[in-house]
Participant: 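One structure is given below, represented as structure tokens, and several questions about it will come after.
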Amino acid sequence: MELAILWVWSGIKERVKPGRKSVQEQQPAAQLANMSTTNMNRGKIVFYEDRNFQGRSYECSSDCSDMSSYLSRCHSCRVESGCWMLYNHNNYMGNQYFMRRGEYPDYMQHFGMSDCIKSCRMIAMHRGNYRMRIYERENFGGQMHEMMNDCDNITDHYRMSKCQSCNVMEGHWLMYEQPHFRGRMMYMRPGEYSNFSMGMGMGAMGGMSGMRFMSMRRIMDSWY
């Protein structure tokens, strides 16, 4: 009598005859790699109404354009996985704040904020090359330099007085208002930014009109 091996996979029983591979074993390596990458791109952040993780909470695993639907205020948060941008206005507008895995018992004091977080965006992990062209003036005018690494001061490295537009070709970046990665920041994903009052089809970004940046940093996969 021919024997059959019973293989349990994802809650489904599969009969496998001797000498044959199960469905799981037949899965292409590329498909398994894609599943792994998908898992790494999942994020989780928990917001709390009060400081020190007190009061009502809201758990988020994707972009949220209006947190007021879930919490009336927000004073602390835990980033359990992934990297996130937080905004002090709805619809990803206003000042931006970058957070990676860790605990923030009083993030308003930590970042010197005067307003609570109103929306958040998850940043997908990028693995590969980083490349961005920065321009001295709006609408891709003035001096241009192509970057592939972090730059703590464009005046020292490129003799540029400011950066007012850019073209992100590869990777995800953080742009800072002051040298040495200080001051207000802005998250940049691949795309063209003719000025920094508009970004990623989000509409006018409150508080960003006329912004210029002096330092840039890559969002690395090791931060996840």
Participant: Hey, are the side chains of M216 and C163 touching, using non-hydrogen atoms and a 4.5 Å cut-off?
Facilitator: yes
Participant: Nearest 0.5 angstrom please: S119 OG to M93 CE, how far?
Facilitator: 8.5 Å
Participant: For the hydrophobic clusters of this structure (ILVMFWY residues joined by side-chain heavy atoms under 4.5 Å, transitively), does one cluster hold both M132 and I123?
Facilitator: yes
Participant: Quick check on ring-ring contact (aromatic ring centres under 6.0 Å, His included): which of Y187, Y87, W223 does F98 satisfy it with?
Facilitator: W223
Participant: By side-chain hydrogen bond (donor to acceptor under 3.5 Å, both in side chains), which residues pair with S72, not counting sequence neighbours?
Facilitator: E49
Participant: Of all the heavy-atom pairs spanning N149 and R218, show the shortest one and how long it is.
Facilitator: OD1-NH1, 3.5 Å
Participant: Answer yes or no: is there a side-chain heavy-atom contact under 4.5 Å between F47 and M67?
Facilitator: yes
Participant: With a 3.5 Å distance limit and no angle check, can you tell me whether E192 reaches the backbone of F140 through a side-chain donor-acceptor pair?
Facilitator: no
Participant: Using atom types as modelled and distance alone, determine if a side-chain donor or acceptor of N88 lies under 3.5 Å from a backbone N or O of N95.
Facilitator: yes
Participant: Please find the pair of heavy atoms, one from R131 and one from E146, that lie closest to each other, and give the distance.
Facilitator: CD-OE2, 3.0 Å
Participant: May I ask you to check whether F213 and W173 place their ring centers less than 6.0 Å from one another?
Facilitator: no
Participant: How would you list, by chain and number, every residue that makes a ring pair (Phe, Tyr, Trp, His ring centres under 6.0 Å) with Y107, sequence neighbours excluded?
Facilitator: none
Participant: Would the number of heavy atoms belonging to other residues, nucleotides or ligands and lying under 6.0 Å from CZ of F181 be above 12?
Facilitator: yes
Participant: Between H172 and M85, is there a side-chain heavy-atom distance shorter than 4.5 Å?
Facilitator: no
Participant: Could you report the tightest heavy-atom contact between G191 and N167, atom names first, then the distance?
Facilitator: O-OD1, 3.4 Å
Participant: Once side-chain hydrogen bond (donor to acceptor under 3.5 Å, both in side chains) is applied, do any residues pair with S65, and if so which ones, sequence neighbours excluded?
Facilitator: none
Participant: Report yes or no: does Y224 contribute a side-chain atom to a donor-acceptor pair with the main-chain N or O of R100 at less than 3.5 Å?
Facilitator: no
Participant: With sequence neighbours left out, what residues match H157 under ring pair (Phe, Tyr, Trp, His ring centres under 6.0 Å)?
Facilitator: none
Participant: How far does CE of M122 sit from SG of C64, to the nearest 0.5 angstrom?
Facilitator: 13.0 Å
Participant: Would Y135 end up clustered with M214 when hydrophobic side chains under 4.5 Å apart are linked, directly or stepwise?
Facilitator: no
Participant: Okay, side chain of T155, backbone of M160: is any donor-acceptor separation there less than 3.5 Å?
Facilitator: yes
Participant: Give the minimum heavy-atom separation between H75 and R51, together with the two atoms involved.
Facilitator: CB-N, 3.7 Å
Participant: Taking the side chain as C-beta and beyond, is there a heavy-atom pair between I219 and H126 under 4.5 Å?
Facilitator: no
Participant: Where do E136 and S161 come nearest, in terms of heavy atoms and distance?
Facilitator: OE2-OG, 3.3 Å
Participant: Going by heavy atoms in the side chains, are L71 and R56 under 4.5 Å from each other?
Facilitator: yes
Participant: Checking salt bridge (Lys or Arg N to Asp or Glu O under 4.0 Å) between E177 and each of R212, R184, K162, which is the one that passes?
Facilitator: R184
Participant: Quick one: side-chain hydrogen bond (donor to acceptor under 3.5 Å, both in side chains) partners of Y48, sequence neighbours excluded?
Facilitator: R78
Participant: Under a 4.5 Å cut-off applied to non-hydrogen side-chain atoms, are L86 and F111 in contact?
Facilitator: no
Participant: Is the backbone of S68 close enough, under 3.5 Å, to the side chain of Y58 for a donor and an acceptor to pair up by distance?
Facilitator: no
Participant: Hey, is the main chain of K44 close enough, under 3.5 Å, to the side chain of S61 for a donor-acceptor pair?
Facilitator: no
Participant: Can we say D50 and R73 salt-bridge, meaning some charged N sits less than 4.0 Å from an Asp/Glu carboxylate O?
Facilitator: yes
Participant: Taking side-chain hydrogen bond (donor to acceptor under 3.5 Å, both in side chains) as the definition, give me every residue that meets it alongside R137, ordered by chain and number, with sequence neighbours left out.
Facilitator: none
Participant: Which heavy atom in E103 sits nearest to a heavy atom in F53, and how many Å separate them?
Facilitator: CB-CZ, 3.7 Å
